[in-house]
Amino acid sequence: MNKVKQFGVFKEFRNLESDLSVLQYQHKNLQKNHEKIIKYLNSGVFYIAGLGVVRDGVSKENKIICPDHYLTDGCWVWPQELSYIVDKYNVHIPPDFLEYMSSKNWLVPKENEIDLVDLERRHFGEH
């Protein structure tokens with residue numbers, strides 16, 4: 001059983017204990033295929049709903065960005081704000097996630113093509 005991969009839970013945006021910082025992944029130059037990455041992240045399938053909102057903890061305004069949701073492509077899971085973070089703070093996606101996006105021709109499968117029950121089992125384990 002393949003474990004679900006996750007990226008994008010940055011401590012500056014979520015009230016979760018995370019060692020992941022925007023500063024670790026921020027770059028001066030745009031990542032190759034920047035627009036395709038943003039589009040891919042925005043077209044993820046709704047996976048987990050949170051009850052709150054996510055704020056931009058990097059900016060002084062601390063403005064609300066989006067609901068506290070997670071999206072998926074059936075292999076990877078990411079927080080809904082990841083496209084915002086990539087676009088605004090020039091955060092680069094890790095190579096293995098980038099390779100996966102590219103292998104899918106930058107298209108997230110449709111919801112009916114993703115086995116969300118299997119995804120949940122792989123993500124959280126058997127209950």
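The structure presented is a predicted model; accordingly, all values stated were derived computationally and were not measured. The analysis underlying the following values was restricted to heavy atoms, covering all of them including side chains, and did not include hydrogens, waters or symmetry mates. When a residue number appears, it is its place in the shown sequence, counting from 1.
What you find for Val58 and Asp56 is that their closest heavy atoms are N-OD1, 2.9 Å. Nearest heavy-atom pair across Trp78 and Gly44 is CZ2-CA, 3.6 Å. Between Phe10 and Val22, the closest heavy-atom pair is CD2-N, 3.4 Å. A pairwise comparison of heavy atoms in Ser21 and Lys11 identifies CB-CE, 3.8 Å as the closest pair.
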Side chain to side chain contact (heavy atoms under 4.5 Å, CB included) assessment of Val9 paired with Tyr70: CA-CA 10 Å; Val9 180; Tyr70 285 81; 3.8 Å; yes
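For Tyr40 and Asp73, the side-chain atoms include at least one donor-acceptor pair closer than 3.5 Å. Asp87 and His34 share a side-chain donor-acceptor pair at under 3.5 Å.
Distance alone, capped at 3.5 Å, places no donor-acceptor pair between the Ser102 side chain and the Leu98 backbone.
The NZ atom of Lys104 lies 8.0 Å from the SG atom of Cys75; values are rounded to the nearest 0.5 Å. Going from atom CE of Met101 over to atom NZ of Lys36 covers 12.5 Å, rounded to the nearest 0.5 Å. Note that CG of Leu30 is 8.0 Å distant from CD of Glu35, once rounded to the nearest 0.5 Å.
Side-chain contact between Leu116 and Thr72: present, with at least one pair of heavy atoms (C-beta onward) separated by less than 4.5 Å. At a threshold of 4.5 Å between non-hydrogen side-chain atoms, the residues Leu20 and Tyr25 count as touching. Counting heavy atoms from C-beta outward, Pro79 and Phe13 have side chains that stay 4.5 Å or more apart. When side chains are defined from C-beta on, Ile37 counts as touching Gln31, because their heavy atoms get closer than 4.5 Å. Considering only heavy atoms from C-beta on, Leu71 stays 4.5 Å or farther from Val45 through its side chain. Under the 4.5 Å side-chain criterion, counting only non-hydrogen atoms from C-beta, Leu41 is not in contact with Val108.
Every residue two or more places apart in sequence or in another chain that forms a ring-ring contact (aromatic ring centres under 6.0 Å, His included) with His69 is listed here: Phe46. The side-chain contact (heavy atoms from CB on, under 4.5 Å) test applied to Glu99 returns Pro95, not counting sequence neighbours. Scanning for ring-ring contact (aromatic ring centres under 6.0 Å, His included) contacts around Tyr47 gives His123, with sequence neighbours left out.
The hydrophobic cluster containing Ile64, built from Ile/Leu/Val/Met/Phe/Trp/Tyr side-chain heavy atoms closer than 4.5 Å, also comprises Val53. Grouped by direct or indirect side-chain proximity (heavy atoms under 4.5 Å, Ile/Leu/Val/Met/Phe/Trp/Tyr only), Val117 sits alone.
Aromatic ring centres of Trp76 and Phe97: separated by under 6.0 Å.
Applying the 6.0 Å contact sphere to CG of Asp96 captures more than 12 heavy atoms from other residues, nucleotides or ligands. Gln26 CD: more than 12 foreign heavy atoms inside a 6.0 Å radius.
For residues 57-70, every residue pair satisfying the salt bridge (charged side-chain N to carboxylate O under 4.0 Å, His left out) rule, not counting sequence neighbours, is listed here: Arg14-Asp68.
Of the candidates Val91, Ile65, Asn42, Ile38, Tyr84 forms a side chain to side chain contact (heavy atoms under 4.5 Å, CB included) with just one, namely Ile65.
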